[in-house]
Amino acid sequence: MERKLTRKEKAAETKRKIFETAVRLIKESGYNNVTISEICISAGVAKGSFYVHYNSKEDIVRASYYTDMSEYIHRNYVAFLDVHPNASYNERIICFMNLELEFAEYAGYEITCLAYTLNLGTCIPGPSEHFTKRDFSKDLYDTIQKNSDKNISTLSSDEVFYYFESVIRGLMATWCFSNNSFSIVEKGKKYIPLAVYSIYTK
């Protein structure tokens, strides 16, 4: 007999459905050409359900690089560890960083560009909550600390974390400025190991 979902699980499933539908419609038609009503109809949810999870279309974009990205990375990172339980810390860090770029490709070029614009805008009045909103950042930082015995650089764990974040953010920004002229995932597969192994021994 199939287990019934809890209220919390149903809410999470509804939110995921809204987000995935919004991403699909925005990719197909463009952000400005998609309405909340269209998202709800296509997702098969009531408009009231939309406003339980998001305040606006902008909110979807803002949340995409925080809550939704965290959920995506956590889900896929757990799947990676299930398949590779003995993965080294280097391999785990590379996986983490690749998943950030995979999410960007999944969310799409337009949402990624808009997320940069909207979320950077909140940093001007401050304070920025960028890192505290990204649950997976703590996991990445913890993995970096656990890998400190292989650190061949002069950088501290804090500096290594910011360096890796800068590599990812820089590649995302270049992807945006290039108007999606290359595969961000394929570039990441080339660049990320170079960054990781410039810090750690294999």
Side-chain angles (χ1 to χ4, degrees), residues 5 7-77 79 96-126 128-137 165-189 191:
L5 296 178
R7 183 177 296 181
K8 185 177 180 180
E9 288 171 334
K10 286 180 181 177
E13 176 64 17
T14 298
K15 182 177 181 292
R16 182 193 62 77
K17 191 182 295 184
I18 292 169
F19 176 72
E20 290 182 352
T21 302
V23 167
R24 177 176 57 80
L25 292 176
I26 289 169
K27 282 182 178 179
E28 291 173 358
S29 304
Y31 178 80
N32 291 326
N33 299 319
V34 175
T35 66
I36 290 173
S37 293
E38 288 171 333
I39 293 170
C40 294
I41 291 169
S42 187
V45 302
K47 207 166 185 178
S49 296
F50 178 95
Y51 289 107
V52 168
H53 302 285
Y54 300 105
N55 294 319
S56 62
K57 278 198 306 176
E58 273 192 12
D59 213 29
I60 289 180
V61 174
R62 290 183 198 279
S64 67
Y65 271 77
Y66 292 120
T67 307
D68 296 300
M69 188 180 201
S70 292
E71 290 173 357
Y72 178 94
I73 289 177
H74 176 73
R75 182 170 66 252
N76 287 283
Y77 184 64
F96 251 106
M97 295 172 73
N98 277 324
L99 285 173
E100 291 190 57
L101 299 181
E102 287 176 20
F103 179 82
E105 186 172 79
Y106 161 72
Y109 165 74
E110 187 172 8
I111 285 180
T112 299
C113 292
L114 288 169
Y116 257 97
T117 303
L118 293 171
N119 290 326
L120 276 174
T122 64
C123 296
I124 296 170
S128 171
E129 297 177 330
H130 175 76
F131 293 109
T132 57
K133 286 183 177 179
R134 290 153 52 96
D135 294 340
F136 67 89
S137 290
E165 280 287 298
S166 298
V167 170
I168 296 300
R169 288 320 131 240
L171 186 51
M172 284 184 179
T174 301
W175 185 54
C176 289
F177 284 124
S178 74
N179 300 121
N180 191 17
S181 66
F182 60 85
S183 167
I184 192 171
V185 170
E186 292 307 311
K187 291 294 184 189
K189 288 177 182 177
Y191 297 165

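Excluded from the calculations below are hydrogen atoms, water molecules and symmetry mates; all remaining heavy atoms, backbone and side chain alike, are included. Numbers here are sequence positions counted from 1.
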| request: Could you tell me whether the side chain of T174 and the main chain of G170 form a donor-acceptor pair under 3.5 Å? | output: yes
| If you look only at pairs with a residue in residues 101-111, which of them pass as a salt bridge (charged side-chain N to carboxylate O under 4.0 Å, His left out), with sequence neighbours excluded? | none
| Which word best sums up how the rings of Y72 and F103 line up, parallel for under 30°, tilted for 30 to 60°, or perpendicular for over 60°? | perpendicular
| Is it true that E13 and K17 make a salt bridge, defined as a side-chain N closer than 4.0 Å to a carboxylate O? | no
| query | Looking at side-chain heavy atoms only, is the closest gap between E58 and Y31 below 4.5 Å? | reply | yes
| request: If the plane angle is over 60° it's perpendicular, under 30° parallel, otherwise tilted; pick one for W175 and Y109. | output: perpendicular
| query | Considering residues at least two apart in sequence or located in another chain, which fulfil the side chain to side chain contact (heavy atoms under 4.5 Å, CB included) criterion with T35? | reply | S37, E38
| message | Checking the side chain of Y106 only, and the main-chain atoms of V23 only, is there a donor and an acceptor separated by less than 3.5 Å? | response | no
| message | If the condition is side chain to side chain contact (heavy atoms under 4.5 Å, CB included), which residues does A22 pass it with, not counting sequence neighbours? | response | I39, I60
| request: Among residues two or more places apart or on two chains, list those pairs meeting salt bridge (charged side-chain N to carboxylate O under 4.0 Å, His left out) that have a residue in residues 172-189. | output: E186-K189
| Qualifying residues under side chain to side chain contact (heavy atoms under 4.5 Å, CB included), relative to I36, sequence neighbours excluded | C40, K47, F50, Y51, K57
| query | Ion pair present between R75 and E71, side-chain N to carboxylate O less than 4.0 angstrom? | reply | no
| message | Among residues at least two apart in sequence or on other chains, which ones pass side chain to side chain contact (heavy atoms under 4.5 Å, CB included) with S42? | response | T21, R24, L25
